[in-house]
There are 2 protein chains.
Amino acid sequence: MAERKIGERNNEPEFLAAYDATEFDRPSVAVDVAIVTVMDGHLEVALVERAEHPAKGSWALPGGFVQMDESLDRAANRLLAEKAGLTDVYLEQLYTFGEPTRDPRTRVLSVAYYALVDHAQLDTGAESSLSFGRIDVPWEGETGGPVDARSQQGQEMPLAFDHADILGMAVKRIRGKLDYTPIGFQLLAATFTLRSLQDAHETILGRTLNKDSFRRRMLATGLLEATGERESEVGHRPAELYRFTKRSAI
Amino acid sequence: MAERKIGERNNEPEFLAAYDATEFDRPSVAVDVAIVTVMDGHLEVALVERAEHPAKGSWALPGGFVQMDESLDRAANRLLAEKAGLTDVYLEQLYTFGEPTRDPRTRVLSVAYYALVDHAQLDTGAESSLSFGRIDVPWEGETGGPVDARSQQGQEMPLAFDHADILGMAVKRIRGKLDYTPIGFQLLAATFTLRSLQDAHETILGRTLNKDSFRRRMLATGLLEATGERESEVGHRPAELYRFTKRSAI
DNA sequence: TTAATAGTGTCTCTGAGACACTATGTG
DNA sequence: CACATAGTGTCTCAGAGACACTATTAA
């Protein structure tokens with residue numbers, strides 16, 4: 001196909017049609033996933049230590065390149081399975097990061113996702129190459145901005161590339177969703193008490209919630225149903241166990 | 001364990017570092033922008049008619065390819081300027097669409113944006129290659145799903161590729177934002193009456209709002225300030241004109 | 001029995017809707 | 001003047017926070 005002059009191109013609706021896919025450079029496209037969980041009253045995120053340059057020794061969200069025949073969602077699911085052995089977890093696209101200099105090697109876009117998982121599914125011990133970083137949110141509410149991670153011992157875990165921005169966006173999004181959905185149950189086992197759900201919400205939001213109105217709000221959504229079972233061996237009156245009515249409907 | 005085998009290769013943090021950017025095929029990356037405005041009580045979106053295959057004769061959101069040295073935001077701003085002559089308007093990244101088959105020619109990811117503009121900035125007449133489609137939302141609230149467009153005369157304007165999905169996502173996002181921001185002022189001139197702001201909100205939401213509480217809510221945000229001026233020649237008591245206090249802070 | 005948390009009943013406060021009323025332009 | 005819409009004051013209702021009280025288990 002004949003080449004076109006740049007001037008003509010801009011006004012032309014057929015820009016795309018005339019475009020020869022091999023004519024121009026294309027960026028690489030990666031998917032990075034913030035696998036978020038709640039552990040011991042802290043928000044945590046799965047990280048891998050970078051063993052090579054660039055950003056050697058710093059920590060990165062698990063990620064990989066999109067293959068030519070898979071959708072973005074599928075790539076994110078594949079990475080979850082490959083890197084963390086997770087299937088069938090809550091996963092949602094977050095934002096696409098595309099600063100030309102975000103990766104020093106070459107132009108790499110990152111389509112970021114976040115996943116919410118029950119930590120019991122995760123701490124499979126030493127066999128995994130994943131570590132967990134405690135999320136350190138320096139702002140309140142849904143303000144946004146970069147967010148760093150620390151180890152359980154309080155040491156900084158410096159994040160590679162723009163992954164602190166991705167993490168910040170994830171926290172912001174999750175907090176925002178919490179205002180109108182009981183999304184926290186994605187972080188819990190199949191049955192759970194209202195108190196543990198409230199703990200998860202409080203951990204995510206970074207503030208305490210009113211017990212009474214939390215209970216009322218959650219039950220009013222109609223998304224929870226009592227199992228009739230109760231927890232046991234807790235040293236006090238056992239709470240009713242609930243489950244979610246429609247896990248997919250979020 | 002079967003997972004273990006898959007794990008071997010993926011346990012390698014150096015996956016990214018070892019990656020040769022030229023080794024694999026990369027997708028093309030486009031930016032498409034839903035330029036949304038309110039006109040005569042309808043939501044409208046800017047469209048260009050496709051003059052060439054594929055999807056010849058159908059309508060598409062203005063878009064183009066990301067250049068290797070520009071960020072995604074910059075690409076979206078460039079396209080706004082090139083295709084619609086717009087600068088300095090409200091623009092936000094929406095979602096990235098990446099079904100492998102969404103473009104029949106080659107693998108093209110679309111990073112979708114939406115822009116909110118005052119229609120007075122737009123109808124520059126015949127000189128533009130942009131047309132406007134009336135947005136036809138088949139669902140209520142913030143449910144989501146594809147959304148089609150019609151001409152002012154009511155004719156269908158079939159959308160190319162997955163652009164109906166992009167448009168649906170844009171409407172969903174805009175409606176969602178409206179719940180906690182007076183975002184509608186991005187669609188109005190610099191000064192405006194509370195009634196016209198309410199009209200914009202009602203058009204976006206597709207339902208009527210309570211006058212009293214709308215007024216209270218808007219003034220309570222602290223984002224509006226009275227100019228001391230009033231509209232004139234309206235055949236009834238003129239309303240106070242307001243302006244926004246911090247246009248950038250949304 | 002005591003400790004500790006689950007769960008309920010009720011009061012208050014705040015914000016939204018409803019509605020009545022006053023204000024102020026144009027014709 | 002009448003008309004039409006702007007803008008205010010106030011009542012009611014629903015949901016959230018506060019708090020007191022009862023329930024139920026383990027130790």
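Order of the sequence lines sets the chain letters (A, B, ...), proteins ahead of strands, with each chain counted from 1.
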[X] side chain to [Y] side chain, donor-acceptor N/O pair below 3.5 angstrom:
X        : Y        : result
B:Glu92  : B:Tyr90  : yes
A:Thr191 : A:Thr227 : no
A:Tyr95  : A:Asp165 : no

Let me know the distance between [atom1] of [X] and [atom2] of [N], rounded to the nearest Å.
X        : N      : atom1 : atom2 : result
A:Gln198 : C:dG7  : CD    : P     : 12 Å
A:Asp199 : C:dA6  : CG    : P     : 9 Å
A:His236 : C:dT2  : NE2   : P     : 20 Å
B:Glu240 : D:dT8  : CD    : C1'   : 14 Å
B:Leu219 : C:dA16 : CG    : C1'   : 15 Å
B:Leu194 : D:dA6  : CG    : C1'   : 10 Å
A:Asp179 : D:dG15 : CG    : C1'   : 16 Å
A:His201 : D:dA16 : NE2   : P     : 14 Å

Of the nucleotides C:dG25, C:dA16, D:dA6, which has the atom closest to the B:Arg217 side chain? C:dA16
Return whichever of A:Lys211 or B:Asp212 has its heavy-atom-nearest nucleotide of DNA chain C closer to the 5' end. A:Lys211
For B:Arg230, which contact category applies under a 4.0 Å heavy-atom criterion: base, sugar-phosphate, or nothing? nothing
By the 4.0 Å heavy-atom rule, please label B:Arg216 as base, sugar-phosphate, or nothing. base
A:Val111: which of A:Leu72, A:Asp32, A:Leu94 passes side chain to side chain contact (heavy atoms under 4.5 Å, CB included): A:Leu72
Step through the shown structure and confirm whether more than 12 heavy atoms of other residues, nucleotides or ligands are within 6.0 Å of CZ on B:Arg102. yes
Taking for A:Asn210 and for B:Leu241 the nucleotide of DNA chain D with the nearest heavy atom, the one nearer the 5' end belongs to B:Leu241
Base C:dA23 to side chain B:Arg237, donor-acceptor N/O within 3.5 Å cut-off: yes
Under 4.0 Å: is that the gap between some side-chain N or O of B:Arg215 and OP1 or OP2 of D:dG7? yes
